[in-house]
Number of protein chains: 2
Amino acid sequence: MLPVMTTVQDPTPLQELALPEVADHRRRRDPEARPQQILDAAFHEFADRGLAGARLDDIAKRAGVAKGTIYLYFPNKEALFREMVRGTLIAAIETAEQTRDETASDSAEMQLRQISVNWWRFLRADRFQVVQRMVLGELHHFPDLMQFYADEVVARGRRLIGAVIARGTARGEFRVIEPDAAARMLSALTMMHSIWCSRRQCFPALANASDDDVRNELLDFYLHALRPDHTVVSVGLSSVERHDL
Amino acid sequence: MLPVMTTVQDPTPLQELALPEVADHRRRRDPEARPQQILDAAFHEFADRGLAGARLDDIAKRAGVAKGTIYLYFPNKEALFREMVRGTLIAAIETAEQTRDETASDSAEMQLRQISVNWWRFLRADRFQVVQRMVLGELHHFPDLMQFYADEVVARGRRLIGAVIARGTARGEFRVIEPDAAARMLSALTMMHSIWCSRRQCFPALANASDDDVRNELLDFYLHALRPDHTVVSVGLSSVERHDL
DNA sequence: AGGTAAACTGACTGGTCAGTCATTAACTCG
DNA sequence: CGAGTTAATGACTGACCAGTCAGTTTACCT
């Protein structure tokens, strides 16, 4: 009765063929795998349309699944978003912690440089950029997710860096500085630059620099701020007026 | 015919009375003022709901105007958003430039401190925070607006700071450093911290610090990174291994 | 084979909301 | 005052889409 009764093997896989990851899961039973398939699809849709803009139909289509199936695994769109973010962040954390375990190195400066290589790689990955955009743009509607992000990503990363700073100070490599504040400064520099690097067209200064260039520039600047303050001891070369602190 | 024919003086100004700025413009002729009234209302609605979340009906209600009236002045919701952002940013730029003109001061450090007081105040104002959130979260859907933001806010601010840095280097106050890069570092530090300060609940370290505390902490750190590098000249006090650059 | 449960489907519903337009109010000027 | 013009209104339309559920398919058992 209906105009076109689309059967299972209908001959209209137009866009589907263009998209890389649309496997045909139809009627293939593998319920264990379903949530992750859906979350992966959701990641991409949320990535380029945001929470409000993403359509469940599109997520379903991308996952190779019917819309109803999504509701077998997630109570609603918001929960799907929540789990997608949480899942992505957890992957990110694990990357970061693996990084830490790999650096039982020598000097604090060296350790910082080593950590920042991996940390930067992580910040610059698509996966993180997408979450970052959502965190900044939409996550204030989800206070608990925001808190989760603050605790499990920001604070954890900061603790990691803070420990290295403290060690560097103790060894006399770095000046005396509150480790938490110092870690925050590094976060700020890298976070913001990772965002700007994703919008290179807009920022001529970054357009010609590679990711690695930017990271080095960042770290050189940062390490300068951490160097012990010799000015009091050293020869009075510069006659700069010293204002208050 | 209709159930409740809401006349002009109907007795249900429930929320209206609570809201501060809902004047009754109905039928009062002042077409010159209309666009700005609407943009102001739009600012508030976009602020707490984002582009997708804001409802034209609510904007109209807040502006004390009927929905149709909005369409007399703006072709659609997107254009309204566009103009709202552009208008807000222009106001921001004017604030920043007024700041620059006020500082014909002495040392570069002093000038930097002075500029950063006003710059920080501007970054921390609601008006900017809202735009910032949208820029980071939704503006990638509007490449031309993004470009406008990059050129007229980011680049302009950077040029301003860059000039001060260059002057400081010339005077021997600061070490030799690429002014543009140095300006970018300051932007990164302040931008990111301004965001974090708006989410204080999430960041224990900032929870107990006032805006001014944060600004000072930031600037002290930053100026440290700009100090001339005396280590080569000075007494070899610290036996830190010097790795590559 | 036949039966049953679990997995999955997609047409449908109901609510929401951007954008329209016929109508009305206010103002102007002859 | 009343004819004409401009400003403003808000009920309505049509599209869109989250979420539902009656029905279908598959897997797995006797």
Side-chain angles (χ1 to χ4, degrees), chain A residues 1-10 12-13 16 22-38 41-42 45-46 49-82 84 141, chain B residues 1-10 12-13 16 22-38 41-42 45-46 49-82 84 141:
Chain A
M1 280 310 114
L2 293 168
V4 177
M5 196 57 159
T6 46
T7 61
V8 176
Q9 276 84 14
D10 79 18
T12 55
E16 277 81 330
V22 181
D24 185 10
H25 304 294
R26 320 220 209 167
R27 307 291 172 189
R28 279 290 121 246
R29 286 299 167 72
D30 190 5
E32 305 293 294
R34 209 75 346 136
Q36 198 52 52
Q37 281 167 13
I38 294 168
E45 291 300 321
F46 284 131
R49 323 195 82 104
L51 170 59
R55 277 165 304 203
L56 273 264
D57 282 309
D58 291 346
I59 294 173
K61 197 184 293 175
R62 188 187 275 267
V65 131
K67 182 154 63 159
T69 306
I70 295 175
Y71 286 91
L72 294 178
Y73 296 97
F74 303 94
N76 54 40
K77 191 185 185 182
E78 187 178 311
L80 182 57
F81 181 73
R82 190 182 301 279
M84 185 280 284
H141 296 308
Chain B
M1 286 306 121
L2 294 168
V4 178
M5 196 57 160
T6 46
T7 61
V8 176
Q9 276 85 15
D10 79 16
T12 54
E16 276 80 330
V22 182
D24 185 11
H25 306 291
R26 320 217 207 169
R27 309 291 172 190
R28 278 290 124 248
R29 286 299 168 74
D30 190 4
E32 306 293 294
R34 209 74 347 135
Q36 198 51 50
Q37 281 166 13
I38 294 168
E45 291 300 321
F46 284 131
R49 321 194 83 105
L51 170 60
R55 278 165 301 206
L56 272 267
D57 282 308
D58 291 346
I59 294 174
K61 197 185 293 174
R62 188 187 274 267
V65 132
K67 182 154 63 158
T69 306
I70 295 175
Y71 287 90
L72 295 178
Y73 297 97
F74 303 94
N76 54 40
K77 191 185 184 181
E78 187 178 310
L80 182 57
F81 181 74
R82 190 182 301 279
M84 184 281 283
H141 296 308

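Values below: all heavy atoms of this structure, side chains included; hydrogens, waters and symmetry mates excluded. Per chain, numbering begins at 1; letters A, B, ... match sequence-line order. From a predicted model like this one, the values you see are computed outputs, not experimental measurements.
In terms of heavy atoms, A/F74 sits closest to A/P35 at CZ-O, 4.1 Å. In terms of heavy-atom proximity, A/L56 sits nearest to A/K67 at CB-CD, 3.7 Å.
Across the protein-nucleic acid pair, A/I70 atom CD1 and C/dT9 atom C1' stand 12 Å apart, rounded to whole Å. When rounded to the nearest whole Å, the span between CG of B/D58 and P of D/dG10 equals 15 Å. If you measure from atom CZ of B/R34 to atom C1' of D/dT6, you get 13 Å, rounded to the nearest angstrom. We find that CG of A/L72 is positioned 16 Å from P of D/dT26, with the value rounded to whole Å. In this entry the distance linking CG of A/D57 with C1' of D/dT20 reads 13 Å, nearest Å. Summarising the geometry, the separation between CG on B/L80 and P on C/dC17 is reported as 16 Å, rounded to the nearest angstrom. Note: CD (B/E45) to P (C/dA18) measures 11 Å, nearest angstrom. Remark: P of D/dA27 and CD of A/E32 are 15 Å apart, rounded to the nearest angstrom.
Atom-to-atom distance recorded for B/M84:CE and B/L80:CG is 7.5 Å, nearest 0.5 angstrom. Taken from CG in A/N76 to CZ in A/R82, the straight-line distance is 8.5 Å, to the nearest 0.5 Å. Atom CG of A/L51 and atom NZ of A/K77 lie 5.5 Å apart (nearest 0.5 Å).
Across C/dT9, D/dA18, C/dA18, the shortest atom-to-atom separation from the side chain of A/T69 is found for C/dT9. Side chain of B/Y71, nearest nucleotide from D/dA18, C/dG19, C/dT9: C/dG19. Taking only side-chain atoms of A/N76, from C-beta outward, the nucleotide of D/dG19, D/dT9, C/dG19 with the closest atom is D/dG19.
In this structure, A/A54 reaches the sugar-phosphate backbone alone: every heavy-atom distance under 4.0 Å involves primed, P, OP1 or OP2 atoms, never a base.
Distances shown here put every side-chain N or O of A/K67 at or beyond 4.0 Å from the OP1 or OP2 atom of C/dG10. Here A/Y73 does not reach the OP1 or OP2 of C/dA7: none of its side-chain N or O atoms lies under 4.0 Å away.
Where A/G53 and A/P75 each meet DNA chain D at their nearest nucleotide, the meeting point lying more 5' is that of A/G53.
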